[in-house]
Structure formats: C-alpha cells, structure tokens
Amino acid sequence: MKVNNKLSKLIKYYNLINHNLIFSENAINRCKKRDFKNETKNLTQQLNDLERSISEIKNCSLKDYATKMVFSDGNPNSKIMIIGEGPGANEDKEGLPFVGRAGQLLDRMLKSIDLDRDNVYITNVVNYRPPENRKPTDEEINKYLPFLKRHINIIKPKILLLLGSTALNAILGNEVVISKARGKWYEKKIDKITISIIASFHPAFLMRQPEQKKLAWIDLKMIRQKMKDSGLKKIALK
Ligand code: URA
C-alpha cells in the first residue's frame with residue numbers, strides 16, 4: 001500500500017517533469033536554430049501571405065493596366081513547378097495562369113507526359129498582365145523576382161520548368177539564351193533550396209513555330225525521365 005502510494009506519486013512527478021524527455025536517449029539539439037515562425041505556418045498560410053505581399057507591391061505600373069492579379073494554379077504540394085512569363089488577356093480576366101490558347105497547349109504538353117494541373121504547380125515571373133502583351137521590362141522583372149523566389153521556396157519543387165526566355169533569364173541570368181539553354185538540366189540554389197531546373201520553349205512561341213515542338217518534346221521526355229529516376233511521380237501525385 002505504502003509502495004503503491006510512493007509509486008503513483010513518482011509517476012505523477014515524472015509526468016509533471018516530462019519523463020519522456022529525461023529517459024530519451026536522443027541528444028537534445030540546443031544549437032540548431034529552427035525557423036519556428038515558418039514551420040508553424042502551413043503551406044496555405046504562407047501562400048496567402050505571399051499573395052497579400054504581392055498585392056501590396058507599390059509603384060508598379062503593371063497594376064494600372066491589369067484587372068486582376070494572377071497568382072498561381074495547380075497543386076501546391078507538387079514537386080514540379082512551372083514558371084511562365086506573365087498573364088495575357090484571358091489570364092487577366094480569369095485571375096489564373098495559362099488559361100488561354102497557350103495554356104491549352106501547355107495542358108496538352110503536360111498530358112503527353114501524364115501530368116495535369118492536379119500534379120504540377122504553375123505561376124509566372126510577373127503577376128500582372130503587361131499592357132498589349134508586351135514582355136515585362138527588366139525593372140518589372142526585378143521588382144517581382146524576390147516574390148517569385150519566395151514562391152519557389154514555399155513550394156519547394158524538385159523540378160522547375162522555365163517556359164521561355166523571360167522565365168529562363170529571370171532565374172538563370174541574362175547570359176543564357178533559350179535555344180542553347182533548353183534541353184539541359186541545371187542544378188541551382190534559389191535562396192534556401194537546390195532545384196533541378198530545365199528550360200523549354202514557351203507554348204505561345206510553339207504556336208508560332210510549330211516545327212520547334214519536336215525539341216519541346218525532348219525536354220518533356222527529360223522531365224518524365226527525371227521524375228522516374230528520382231521516384232518523383234508518386235510525390236507529385238500525392
Ligand atoms: N503566357 C504566360 O507566360 N503566362 C500565362 O499565364 C499565360 C500566357
């Protein structure tokens with residue numbers, strides 16, 4: 001009776017002082033600084049925060065002409081992220097990337113390697129439509145680039161597909177040209193994460209130059225192979 005009493009007191013005491021921690025054989029890591037702020041924020045919260053930050057960008061004339069911000073489409077849990085140039089008229093109307101004719105071609109390209117918008121994540125270099133569908137200027141690209149890099153670091157893709165020269169130059173620098181850079185894998189650290197990057201022709205360019213589709217097909221097959229080699233398909237489809 002006495003022993004039981006003592007024992008139950010002891011158990012209460014250990015519970016109180018967290019005995020699991022005391023009896024654990026794992027070393028306590030007191031040194032590694034953890035990013036608690038972001039760990040506790042889930043993916044949706046982080047994306048919502050980013051979307052709000054983009055909506056608050058000041059002194060950007062793109063916003064004077066565009067009707068809607070175009071943030072992203074697809075599956076934020078995907079390990080395959082696709083970056084285009086910027087919204088066109090249809091995207092500006094709907095607030096979603098790649099919904100016009102170039103988007104329909106992109107969907108067919110994805111389908112050819114068994115992908116769709118449920119297992120890739122899509123965004124653009126700039127989130128507002130440049131007037132008259134012109135290319136975004138360097139100044140505009142540089143304004144949106146920190147937000148794009150933050151976007152990439154939230155999604156943490158294993159594969160990044162850059163569609164066209166605007167996305168290519170924004171991410172890999174102005175020294176590279178799409179005709180030479182496409183069809184090759186690049187490993188690059190973007191802020192905190194290292195990603196396999198491949199560039200290919202923009203679907204709008206492929207509509208104007210359909211004979212280049214055979215090269216785009218090579219790039220798509222490289223992505224399919226990479227997914228296979230790194231067991232990525234399952235992760236992307238989760
Ligand atoms: N072209 C792009 O680069 N992005 C879109 O969202 C649509 C067309």
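Predicted model, so just to flag it, every value in this text is computed and none were measured.
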Item to check | CA sep, side-chain torsions, deciding dist, call: D229, Q225, side chain to side chain donor-acceptor pair (under 3.5 Å) | outcome: CA-CA 6 Å; D229 292 346; Q225 190 60 44; 3.0 Å; yes
Next on the checklist: For L106 and L163: C-alpha separation, side-chain torsions, deciding distance, then whether side-chain contact (heavy atoms from CB on, under 4.5 Å) applies.
Outcome noted: CA-CA 10 Å; L106 175 62; L163 291 176; 3.8 Å; yes
Next on the checklist: Determine whether N174 and N169 satisfy the following criterion, side-chain contact (heavy atoms from CB on, under 4.5 Å), listing intermediate values before the conclusion.
Outcome noted: CA-CA 5 Å; N174 282 330; N169 296 139; 3.2 Å; yes
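Panel note: side chain T123, backbone F71; a donor-acceptor pair is recorded below 3.5 Å. Judged by distance alone, the side chain of N42 and the main-chain N or O of Q45 form a donor-acceptor pair under 3.5 Å. Side chain of K189 to main chain of T194: no donor-acceptor pair is present (N/O by atom type, distance under 3.5 Å, no hydrogens or angles). Within the 3.5 Å criterion, the main-chain N or O of V126 finds no donor-acceptor partner in the side chain of K143. Side chain of N127 to backbone of V70: a donor-acceptor contact under 3.5 angstrom is found. With hydrogens and angles disregarded, no donor-acceptor distance shorter than 3.5 Å links the side chain of N133 to the backbone of G88.
When the options I171, I159, L160, N153 are evaluated for a side chain to side chain contact (heavy atoms under 4.5 Å, CB included) with I195, the one that passes is L160. A side chain to side chain contact (heavy atoms under 4.5 Å, CB included) with R150 is found for one member of D191, I190, I54, D49 and no other, namely D49.
Looking at every heavy atom in both residues, A170 comes nearest to I141 through CB-CG2, 3.9 Å. Closest approach of S200 and I178 over heavy atoms only: O-CD1, 3.4 Å.
A salt bridge links D73 with R117: the closest approach of a Lys/Arg side-chain nitrogen to an acidic carboxylate oxygen falls below 4.0 angstrom. The pair E91-R129 does not count as a salt bridge, with every side-chain nitrogen at least 4.0 angstrom from each carboxylate oxygen.
Counted within 6.0 Å of NZ on K63, heavy atoms from surrounding residues, nucleotides or ligands total more than 12; the atom is thus considered enclosed. Around atom CD of E187, more than 12 heavy atoms belonging to other residues, nucleotides or ligands sit under 6.0 Å away. Enclosure of atom CD in E139 is not indicated, since only 12 or fewer non-hydrogen atoms of other residues, nucleotides or ligands lie within 6.0 angstrom.
When only modelled atom types and interatomic distance are considered, H151 and Y144 share no side-chain donor-acceptor pair under 3.5 Å. Under the 3.5 Å distance criterion, with hydrogens and angles disregarded, no donor-acceptor pair is assigned to the side chains of S230 and K79.
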